[in-house]
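Please read the structure below before turning to the comments.
In what follows, every chain begins at residue 1, and chains take the letters A, B, ... in the order their sequences are listed. None of these values were measured; they are calculated from a predicted model.
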Protein chains: 2
Amino acid sequence: MRRERATIHDIAKKLNITASTVSRALKNHPRISDETKKAVLKVAEKLNYQPNHIAAALRNGRSKIIGIIVPTADRSFFSSVVRGIEEIANTAQYNVMICQSYDNYEKEVATVEALLNARVDGIIASYAKGTEDFDHFLKVKNKGIPLIMFDRSSEELEVSSVIIDDYQGAYNAVKHLINQGCKRIAHFTGIKKISIYRERFRGYREALQDHGIPYDESLVIGSNMQLDDGRESMLKLLSLSAPPDAVFSASDYSAMGAMQVLKERNIRIPQDIALVGFGNEPFTWFSEPQLTTIDQRSKQMGNATAEIFLEQIGAKNKPFVPKKTVLKPELIVRKSSQRK
Amino acid sequence: MRRERATIHDIAKKLNITASTVSRALKNHPRISDETKKAVLKVAEKLNYQPNHIAAALRNGRSKIIGIIVPTADRSFFSSVVRGIEEIANTAQYNVMICQSYDNYEKEVATVEALLNARVDGIIASYAKGTEDFDHFLKVKNKGIPLIMFDRSSEELEVSSVIIDDYQGAYNAVKHLINQGCKRIAHFTGIKKISIYRERFRGYREALQDHGIPYDESLVIGSNMQLDDGRESMLKLLSLSAPPDAVFSASDYSAMGAMQVLKERNIRIPQDIALVGFGNEPFTWFSEPQLTTIDQRSKQMGNATAEIFLEQIGAKNKPFVPKKTVLKPELIVRKSSQRK
DNA sequence: TTCTAATATGCAATCGATTGCGCACAAAAT
DNA sequence: ATTTTGTGCGCAATCGATTGCATATTAGAA
């Protein structure tokens with residue numbers, strides 16, 4: 001079955017024309033007669049012609065591929081961002097190449113290298129938790145390849161980014177808890193290095209302050225924010241002499257862990273302890289009670305990054321000015337925090 | 001900052017040698033002296049040389065990229081398979097290009113086309129729910145490009161595939177329910193077109209038969225197997241004059257829907273109705289009670305597909321014999337079905 | 001009728017890396 | 001002193017599509 005692959009030269013030969021004409025005909029060039037175009041299309045079909053983007057990419061210096069680096073694709077947030085990117089990218093004839101860093105620095109570096117080798121036209125990324133050094137991303141930028149960060153970004157990179165207003169999201173969540181009558185609100189936070197956690201923490205703290213609730217350091221627990229971490233953190237809180245009456249977790253995963261612990265101990269949610277997560281992961285909707293959380297506008301985030309990419313690609317020679325887009329998060333109130 | 005990209009020719013010029021030598025030096029060719037190799041590496045470093053895989057791909061006719069098509073990346077099953085593929089592929093210097101069909105036929109066709117244009121060296125796929133026509137996949141096969149299907153495959157394609165023994169998984173699940181004392185076991189099934197659902201149904205039915213339980217058609221409900229479908233199906237079952245005392249769902253998602261309904265109505269799980277899902281999605285572990293389910297060996301599945309790919313690539317000229325690998329699923333018993 | 005302007009297509013270089021073949025020189029074998 | 005074997009590297013073609021710059025043909029203008 002292995003037919004030799006047909007090229008534009010094969011098509012040209014059949015029609016006694018040159019490859020130039022075939023190339024132009026296939027691209028619907030205005031200076032090629034309709035007659036020739038039709039003939040070319042017909043022969044292309046017959047020969048089972050398959051355009052070779054590799055050859056075109058080499059010649060043009062553009063691969064029409066956008067590389068995407070996400071920590072992991074199996075988080076609905078990230079896959080939703082990817083979908084948002086694809087929506088826009090596809091309309092501009094771009095394809096995407098999704099890569100996972102698995103939140104691992106080395107893998108991230110290797111991935112960036114692979115994407116550069118593959119000569120992608122741009123990279124859209126959210127960096128790994130383990131990343132502290134941004135040289136690999138700087139390299140991308142210095143090669144003049146558009147780089148756009150989303151969700152997790154770093155100031156030192158000085159590239160365009162799309163994030164949500166983590167501060168505002170956290171602030172609203174905590175304000176909501178206060179409105180529900182909560183007075184001792186705990187907070188689960190992640191690695192300080194990642195700005196989203198710092199911002200969420202800031203929102204938490206300022207909301208407390210603005211409502212006259214004293215900040216209690218013992219109520220803030222840092223961890224890796226996975227389910228198990230949430231369990232552990234909750235246990236710590238319960239062992240306090242004065243346990244909290246609410247938990248605002250900077251991640252849905254650790255909020256779920258906390259919920260498990262509370263249910264195991266027959267502590268009522270939200271009456272005894274109210275819970276709010278962050279991320280609007282699908283499982284927050286499955287849980288019992290359903291978890292109040294904050295939606296991160298993943299689809300819009302994807303759209304926005306892709307649009308910035310297209311802008312940057314379009315403005316090749318103009319001086320580059322990093323652009324920071326901040327999306328408004330949305331508090332989604334569900335049973336886990338509704339006391340009234 | 002936009003430096004011109006350095007090529008092997010630039011390196012060659014600096015050293016007064018030819019590009020051939022540089023190319024060989026970079027690939028550690030034995031016929032190049034260590035001295036030259038060192039010099040080349042040094043200059044490459046200095047010029048910030050970045051290999052151009054596009055050029056190499058064009059010349060070699062191999063892109064060293066494997067295209068992966070999954071319905072959606074945000075299902076832990078699929079992302080885990082991808083991870084399994086990457087593990088193996090990376091060791092053989094292959095990179096992967098993950099694409100999502102969003103369970104949409106048109107998008108799947110377009111994706112296959114894009115991957116062919118990108119000249120991937122092989123395609124690993126699990127087809128979309130909406131796919132009934134396999135011409136696009138046949139095209140891949142007929143072009144002599146290795147195509148391996150996983151999880152969802154089709155006999156008519158006659159390509160290698162890796163699946164789990166859905167029949168066995170279902171059989172074991174139902175047998176387990178029977179052992180727990182269940183007598184009226186319902187079943188949620190998906191589109192008949194997809195063989196995994198047919199097989200799971202067959203396992204269900206034969207397990208009943210082998211244990212002397214009569215098959216009752218009214219207990220089998222077909223749907224799209226999402227959370228909402230599970231809710232709806234459960235409601236239907238509850239409205240029967242003789243409701244079931246167990247549900248075996250061919251998907252974790254619809255099992256979760258059923259669980260929600262049962263909890264809302266204060267029907268005890270597993271005492272009144274026992275539940276078993278399929279897939280071992282992470283949320284089955286979060287649920288209350290935790291859901292008994294069947295693990296699909298996603299990582300191994302990925303490993304296996306990648307290994308088959310490498311085999312096929314290695315055996316370029318030998319006659320192609322499709323190879324079917326069947327993995328053994330594992331029943332994971334949790335609270336939702338443990339009556340004893 | 002001669003000249004200008006479209007119109008349709010060809011020529012040939014180019015993108016960057018790879019590789020079979022060949023050549024020169026040196027070391028080893030006869 | 002030849003011949004053989006090996007080492008280190010250059011030459012030039014190749015992969016397939018693209019495109020600036022001709023060229024040939026025809027239609028319209030002067």
message: Measure CZ/R119(A) against P/dG16(C) and give the value in whole Å, please.
response: 8 Å
query: When the distance from NE2 of H29(B) to P of dG8(D) is rounded to whole Å, what number comes out?
result: 11 Å
query: So, N95(B) and K64(B): side-chain donor and acceptor under 3.5 Å apart, yes or no?
result: no
task: Carefully, step by step, assess Y105(A) and H136(A) under the rule ring pair (Phe, Tyr, Trp, His ring centres under 6.0 Å).
output: CA-CA 10 Å; Y105(A) 170 71; H136(A) 51 307; 5.6 Å; yes
message: Does a side-chain N or O of T7(A) approach OP1 or OP2 of dG16(D) to a distance below 4.0 Å, or not?
response: no
- request: Please check if any side-chain donor atom of Y102(A) sits under 3.5 Å from a side-chain acceptor atom of E86(B), or the reverse.
  value: yes
message: From CD1 of I54(B) over to C1' of dA17(D), roughly how many Å is that when rounded to an integer?
response: 13 Å
message: Expressed as a whole number of angstroms, how long is the span from I17(A):CD1 to dC11(C):P?
response: 12 Å
statement: Taking every heavy atom of T131(B) against every heavy atom of E108(B), the minimum-distance pair comes out as OG1-OE2, 2.8 Å
task: Report the distance from atom CG of N16(A) to atom P of dG10(C), rounded to the nearest whole Å.
output: 9 Å
task: Give the rounded distance in Å between these two atoms: CG of L47(A) and C1' of dG16(D).
output: 15 Å
message: For a quick check of understanding: with a heavy-atom distance under 4.0 Å over all strands, which category does N117(B) fall into, base, sugar-phosphate or nothing?
response: nothing
query: What string of B, S and - do you get for nucleotides 18-23 of chain C, 5' to 3', when a contact is any protein heavy atom under 4.0 Å?
result: BBBB--
message: In this structure, how many angstroms lie between the P atom of dA6(C) and the CD1 atom of I32(A), rounded?
response: 18 Å
field: Presence of salt bridge, E155(A) and K324(A), under 4.0 angstrom
entry: yes
message: Is T36(B) close enough to dC9(D) that one of its side-chain N or O atoms is under 4.0 Å from OP1 or OP2 there?
response: yes
- request: Take R152(B) and D103(B) through the test salt bridge (charged side-chain N to carboxylate O under 4.0 Å, His left out) and record every step on the way to the result.
  value: CA-CA 12 Å; R152(B) 305 179 189 166; D103(B) 262 327; 3.0 Å; yes
query: What is the distance from CG of L58(B) to P of dA17(D), rounded to the nearest Å?
result: 9 Å
query: Among pairs that include at least one residue of residues 30-76 of chain B, which meet ring-ring contact (aromatic ring centres under 6.0 Å, His included), considering only residues two or more places apart or in two chains?
result: none
